[in-house]
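Worksheet: one structure, shown below.
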Protein chains: 2
Amino acid sequence: MTSDTSTEVQWLTAEQQTHWRSFRGGAARLFAALEHELEQQTGLSTHEYEVLVRLSETPDRTLRMAQLADNLAHSRSRLTHTIRRMEEQGLVSRLPCVEDARGVNCTMTEKGWQVLVAAAPSHVQSVRDHLVDVLTPEQFAALGDAMETVRLHLTGGACHVE
Amino acid sequence: MTSDTSTEVQWLTAEQQTHWRSFRGGAARLFAALEHELEQQTGLSTHEYEVLVRLSETPDRTLRMAQLADNLAHSRSRLTHTIRRMEEQGLVSRLPCVEDARGVNCTMTEKGWQVLVAAAPSHVQSVRDHLVDVLTPEQFAALGDAMETVRLHLTGGACHVE
DNA sequence: ACAGTTTGGTTGACAGTTCAACAACCACGG
DNA sequence: CCGTGGTTGTTGAACTGTCAACCAAACTGT
């Protein structure tokens, strides 16, 4: 990008390049496979599934739009579109927020809960089939730890929930 | 999905769940950050960048559409659209294939080569900043090995190139 | 009280992806 | 030959995500 002699580019070694490509290629194919299987078996996209999971983990199955967006690392507008579509399917509903009149509370409907309950087993099985059970427990743990480090570094240590 | 008593669901343990979420969240944020930085600094999407990388690695900077699609794990139609756009930008060009009249050879133009050369350093730096240099060499190697295993399992051992 | 700024959320136009249908070509067995 | 089936690549419509503009409500300082 800049000059040539002053700022020498620090290339990747051959091993690093191999690892990087394995990571990128493996992750891309893994997520694609999971997305595809979930879609086939339940009609849900992984994003919709994740929305339902996050909502299901709160006491009242409700979250503010902004919290949901942060949790999922999605843009606000993307979440708005997703939630609108899910609302049309009857999976969630939106209510104005009492404490903050700007806010919107997103709640899981009973139908949304049942859809999630029905979808979870096959999705978990997919994750096992293609990731968890393919690796040794040590490999899988190392994978999780490494990516947690990456995540913390990217979010500046904040955004603790995922 | 099926019965309840016969097919008991094998849930993830709490640790497995944590690792899985770290992996998914970390990978999503990492790829998003890399995509964003590459876009900002070079005007290229990561997909376009990968296309150029793959082409640059062949002797004549040319690949059949199908090989390119397999390498990138993209659908045929997706690649067609991508290549059409890149062709409009003058980064690649398409020529009918002599040996197989169905085929299309995709070649990198000189401009495409120069765009790649200009883009590579900052992209490599991004990968270092957010992934390689954040982990220990052992962690990074373990990451690569694990995802290579996942990739091989998903592609049935075939598709050796990535 | 009130202008200025920040935050929460939505909207619409645009860009990129998916999916199904299609056309052209190869390869192989009658 | 001819036809059948599989492969290669493209197309257009529908869908999803991105981006910038926007409104409304909440803070902030005077």
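Side chains included, hydrogens not; waters and symmetry mates left out as well; all remaining heavy atoms used. Below, read A as the first sequence line, B as the second, and so on, with proteins coming before strands; counting in each chain starts at 1. Everything numeric here is computed off the predicted structure, so don't read it as measured data.
Looking only at distances, a side-chain donor or acceptor of B:Thr149 sits under 3.5 Å from a matching main-chain atom of B:Asp145.
Taking NE2 of B:His47 as the start and CG of B:Leu44 as the end, the distance is 11.5 Å to the nearest 0.5 Å.
Scanning all heavy atoms of the two residues, the minimum distance from B:Val132 to B:Phe140 falls at CG2-CZ, 3.9 Å.
One interatomic measurement links the two molecules: CD of B:Glu87 to C1' of D:dT10, which rounds to 13 Å at whole-angstrom precision. To the nearest angstrom, C1' of D:dG17 lies 18 Å from CZ of B:Phe31. As a whole-Å value, the separation of A:Gln89 CD from D:dC15 C1' is 12 Å. Atoms CG (A:Leu95) and C1' (C:dG8) sit 16 Å apart, rounded to a whole Å. Whole-Å rounding puts the B:Leu68 CG to D:dG9 C1' distance at 13 Å. Going from atom CD of B:Glu35 over to atom C1' of D:dG17 covers 11 Å, rounded to whole Å. Between B:Gln40 atom CD and D:dC19 atom C1' there is a gap of 11 Å when expressed in whole angstrom units. Rounding to whole angstrom units, CD of residue B:Glu99 and P of D:dT8 are separated by 13 Å.
Note on B:Arg94: a side-chain N or O is less than 4.0 Å away from OP1 or OP2 of D:dT10. OP1 or OP2 of C:dT10 has not a single side-chain nitrogen or oxygen of A:Arg84 nearer than 4.0 Å. Within the structure, a side-chain polar atom (N or O) of B:His47 is placed less than 4.0 Å from OP1 or OP2 of C:dT17. Residue A:Arg78 places none of its side-chain N or O atoms closer than 4.0 Å to OP1 or OP2 of C:dT10.
In summary, A:Glu148 and A:Arg151 engage in a salt bridge, as defined by a charged side-chain N under 4.0 Å from a carboxylate O.
Between the base of D:dG9 and the side chain of B:His81 there is no donor-acceptor pair shorter than 3.5 Å. No hydrogens or angles were tested; on distance alone, a donor-acceptor pair under 3.5 Å links the side chain of B:Arg102 to the base of D:dT7. The base of C:dC19 is paired with the side chain of B:Ser77 by a donor and an acceptor separated by under 3.5 Å.
Mapping A:Leu79 and A:Glu39 onto DNA chain C by nearest heavy atom places A:Leu79 closer to the 5' end of the strand. Residues A:Asp100 and A:Ser45 each lie close to DNA chain D; by heavy-atom proximity, the contact nearer the 5' end of the strand is made by A:Ser45.
Counting any heavy atom pair closer than 4.0 Å across all strands shown, A:Arg64 reaches sugar-phosphate atoms only and no base atom.
Ring geometry for A:Trp20 against B:Phe31 counts as tilted: the plane angle lies between 30° and 60°, on a 0 to 90° scale.
The B:Arg85 side chain lies nearest to C:dG16 when the options are C:dT11, C:dG16, C:dC25.
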